[in-house]
Each structure stands twice: as C-alpha cells, then as structure tokens.
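Please read the structure below before turning to the comments.
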Amino acid sequence: MAGSPTARRRRLSIELKKLREHSALTCAQVGQALDWSGSKVNRMETGSGRVQPSDVDALCRFYGTSDELREFLKSLAREAKTRGWWQVHGAGVPEWFNIYIGLEQDASTLRQYQCEVLPGLMQTEAYARELHTTGAHMSAEDIDRAVRVRLERQEMLRRPDAPEAWFVVNEGAVRNVIGDREVMREQLERILETTELPSVTLQVLPFDSGTYPATGSFTMLGFPAPEDPDLVYRDGITDAVYLEGEHHVREYTRAFDGLRAAALSPQRSARLIQSVVKEYSK
C-alpha cells in the first residue's frame, strides 16, 4: 500500500476511476444511481476532495466489487485523512506543494532537471533561506517553516529505501551566486557530499553543451506499485501542474534522456563543481 497520505489518496482516486470506466458509466450516471451529483463522483476520482469510507463502500457495492477490494479501498480512504509530517508547518508550505511532498515521500525513482537553482533535496539551510527570503513575500516565521520542511525532506535520500534520484543541473545554477560566495561554497560542498550517496546521481549541463531539449525545470516521480503511474511535476510562483498522461510522461522522459546525454558525466560534473568551489575559496 502506498506510504504517504497523499499517495494513498492518489491510489484511491485511480482505483475508483478504473472501476467506473470498467463499468462503462459516466460520472453523471453513477451519481444519479447513488443520488449524488456527478461532480461529487468526479471529485472522488480526481482527489480534489476528502473521500469518506462510507462513500467508497457505497461505490464498491454499486460496482459489485469483491469484499476484499472494498475493504482495501475503504482503508485507503481512512488513511488518506491522516496528516503528513510536512503538513504541521502551516502557511510555510502552500497546499499545492503539500501534494508534491506527499508524492515525493512515496516515490521509488526521482528524475529532476533544474535550470535556475540547485535541487531542493541538496540545499543547505543558508541557501534555502536566501531563496525563500528573496523569492516570496513571507513572514519570518513562515520562512523558518519552509526552510525546516526543505531540510527534513532531504532525509529521504538517506533512508535505506531511498529512491533512485537522478539530477541534471544547468551550469548557470552552479555558478549563479545566491547569497554570497561563502553561502555558495558551502552549498556546492553539500552537493558534492550528497552525490556520494549510493542512490544519487548528478550531472551538470555545461554552457557549451550545444542544443538540448528546451524545457523549464521539472521533476518526474516513479512509484513502486505498477498501479501508480509516473507523473511529471512543474511548479511556479503561485501554483503547480501535475501531468500524468502517458503522452506527457513519455515526452518528458525523452527530454530528460536528452538532457542527460548533453550533460557532463557524473565524474566530470563533480570536477567542474570542485573547480567552482576553489574559486569561491580564494
């Protein structure tokens, strides 16, 4: 069973949609049969609202599922109500990013391209604080919360069951000074330290790499259960986009493979970062 509340909610939505489609019914038809609105059925299938175990029970009985599947889906609904550790930080973490963290915690693979800043899962406290201080209008308390969450998220890379994490970082993110030279030196040293973890790979896309897939920053998450499809995550200043269709995943996979091919090898990437660290140490 998926581990985080967010992942459980996603798995439940996927299963409910599969049951309806297998029955060849529309949301409106299911809603009418159960004396609900079609929009309620749709919300349950998209994970855009809380799903009550009693509603899941009613749906499963309508679809004629086995007792075992009905109890499994009801347990997903119950456990999806629990709060993740990251949700206690309130306004420091916006709701749309809460969703991502929940999925990230359950991922078995993570592929990320960063074109402007260094990966959040590798950031030092000073670097992360500088980004939050200059990048948004947040109170000091909310900045503290946001930074705390970012640092706690990094523990996932050190778990025994850590996801296979592959990062491609534009050279501009390596050389762009966030804070000051001391902050950057410590940050790049953290990058080198993190890449020594067995589950982590990092490549730098150099300035002279030539033509490569034109994209903004994005993250692809894969999950251990085959029933949970991969997804693509892209965020902005005020919201985020989650792409789950096969076409989206296929095209972003192709783009990421192109970025990896254009980037320096992990060994050469480490040497480039080490050279920049020396520049900041002078």
Side-chain angles (χ1 to χ4, degrees), residues 1-22 27 42-48 73 76 80 84 86 94-117 119-122 153 156-157 159 161-170 173 199-205 209 211-263 266:
M1 183 184 300
S4 73
T6 308
R8 293 184 183 114
R9 193 175 302 118
R10 179 174 185 253
R11 175 71 180 281
L12 175 61
S13 300
I14 291 170
E15 294 298 330
L16 292 179
K17 184 176 182 180
K18 284 167 56 178
L19 287 172
R20 180 181 58 76
E21 291 178 340
H22 182 72
C27 290
N42 179 262
R43 288 194 301 272
M44 294 171 72
E45 293 184 2
T46 57
S48 57
L73 295 182
L76 285 180
W86 57 91
E95 181 59 33
W96 51 266
F97 195 59
N98 270 327
I99 296 171
Y100 172 78
I101 297 175
L103 295 169
E104 180 186 69
Q105 293 295 305
D106 204 56
S108 56
T109 62
L110 185 151
R111 289 167 286 175
Q112 183 176 95
Y113 172 59
Q114 286 288 354
C115 58
E116 295 182 331
V117 299
L121 291 175
M122 299 182 178
R153 283 172 52 215
M156 66 183 289
L157 297 180
R159 297 186 325 220
D161 62 340
E164 292 296 323
W166 198 302
F167 302 90
V168 177
V169 177
N170 193 286
S199 62
V200 176
T201 302
L202 180 135
Q203 293 178 262
V204 175
L205 186 68
S209 61
T211 303
Y212 56 85
T215 69
S217 299
F218 66 91
T219 302
M220 300 180 64
L221 299 177
F223 302 91
E227 297 87 355
D228 297 336
D230 293 359
L231 64 81
V232 178
Y233 169 82
R234 301 188 68 152
D235 62 11
I237 296 175
T238 60
D239 59 4
V241 176
Y242 296 85
L243 304 171
E244 299 181 271
E246 290 184 10
H247 169 72
H248 295 300
V249 173
R250 182 175 62 251
E251 291 304 312
Y252 275 89
T253 298
R254 183 178 300 167
F256 190 77
D257 288 343
L259 291 164
R260 288 194 300 183

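Positions are given from 1 along the sequence. Keep in mind the model is a prediction, meaning the values are calculated, not measured.
Atom CD1 of Ile101 and atom CG of Asp106 lie 14.0 Å apart (nearest 0.5 Å). Atom OG1 of Thr219 sits about 9.0 Å away from atom CZ of Phe256, to the nearest 0.5 Å. Lys17 NZ to Leu12 CG: the interatomic distance, rounded to the nearest 0.5 Å, is 13.5 Å. Rounding to the nearest 0.5 Å gives a distance of 5.5 Å between CZ of Phe167 and CD of Gln112. Of the inter-residue distances, the one linking Gln114 atom CD with Asn170 atom CG reads 10.5 Å to the nearest 0.5 angstrom. To the nearest 0.5 Å, the span separating CD on Glu104 from CG on Leu221 amounts to 7.0 Å.
With contacts defined as side-chain heavy-atom distances shorter than 4.5 Å, the pair Leu73/Leu19 qualifies. Side-chain contact between Thr253 and Arg111: present, with at least one pair of heavy atoms (C-beta onward) separated by less than 4.5 Å. Residues Tyr233 and Leu103 form no side-chain contact, since every pair of their non-hydrogen atoms from C-beta on lies 4.5 Å or further apart. Contact check for Pro229 versus Ile14: side-chain heavy atoms found under the 4.5 Å cut-off. Counting heavy atoms from C-beta on, the side chains of Leu110 and Leu121 come closer than 4.5 Å. At least one side-chain heavy atom of Leu205 sits less than 4.5 Å from a side-chain heavy atom of Tyr113. Counting heavy atoms from C-beta outward, Thr109 and Pro163 have side chains that stay 4.5 Å or more apart. Residues Met220 and Val249 have side chains in contact (heavy-atom distance under 4.5 Å, counting atoms from C-beta outward).
Under the salt bridge (Lys or Arg N to Asp or Glu O under 4.0 Å) criterion, Glu45 pairs with Arg20, not counting sequence neighbours. Among residues two or more places apart in sequence or in another chain, the side-chain contact (heavy atoms from CB on, under 4.5 Å) test is passed with His247 by Arg250, Glu251. Residues satisfying the side-chain contact (heavy atoms from CB on, under 4.5 Å) test with Ser108, not counting sequence neighbours, are Pro224.
Ion pairing between a basic and an acidic side chain is recognised when a charged N comes within 4.0 Å of a carboxylate O; Lys18 and Glu21 show no such pairing. Using a 4.0 Å cut-off between charged side-chain N and carboxylate O, Asp257 and Arg260 make a salt bridge.
When atom types are taken as modelled, the side chain of Thr46 and the backbone of Asn42 share a donor-acceptor pair closer than 3.5 angstrom.
The heavy-atom pair separating Ala107 from Phe223 by the smallest distance is CA-CD2, 3.9 Å. Closest of all the heavy-atom pairs between Cys115 and Ser217 is N-OG, 3.0 Å.
Taking the six-membered ring for Trp and the full ring otherwise, the centers of Phe218 and Tyr252 sit less than 6.0 Å from each other.
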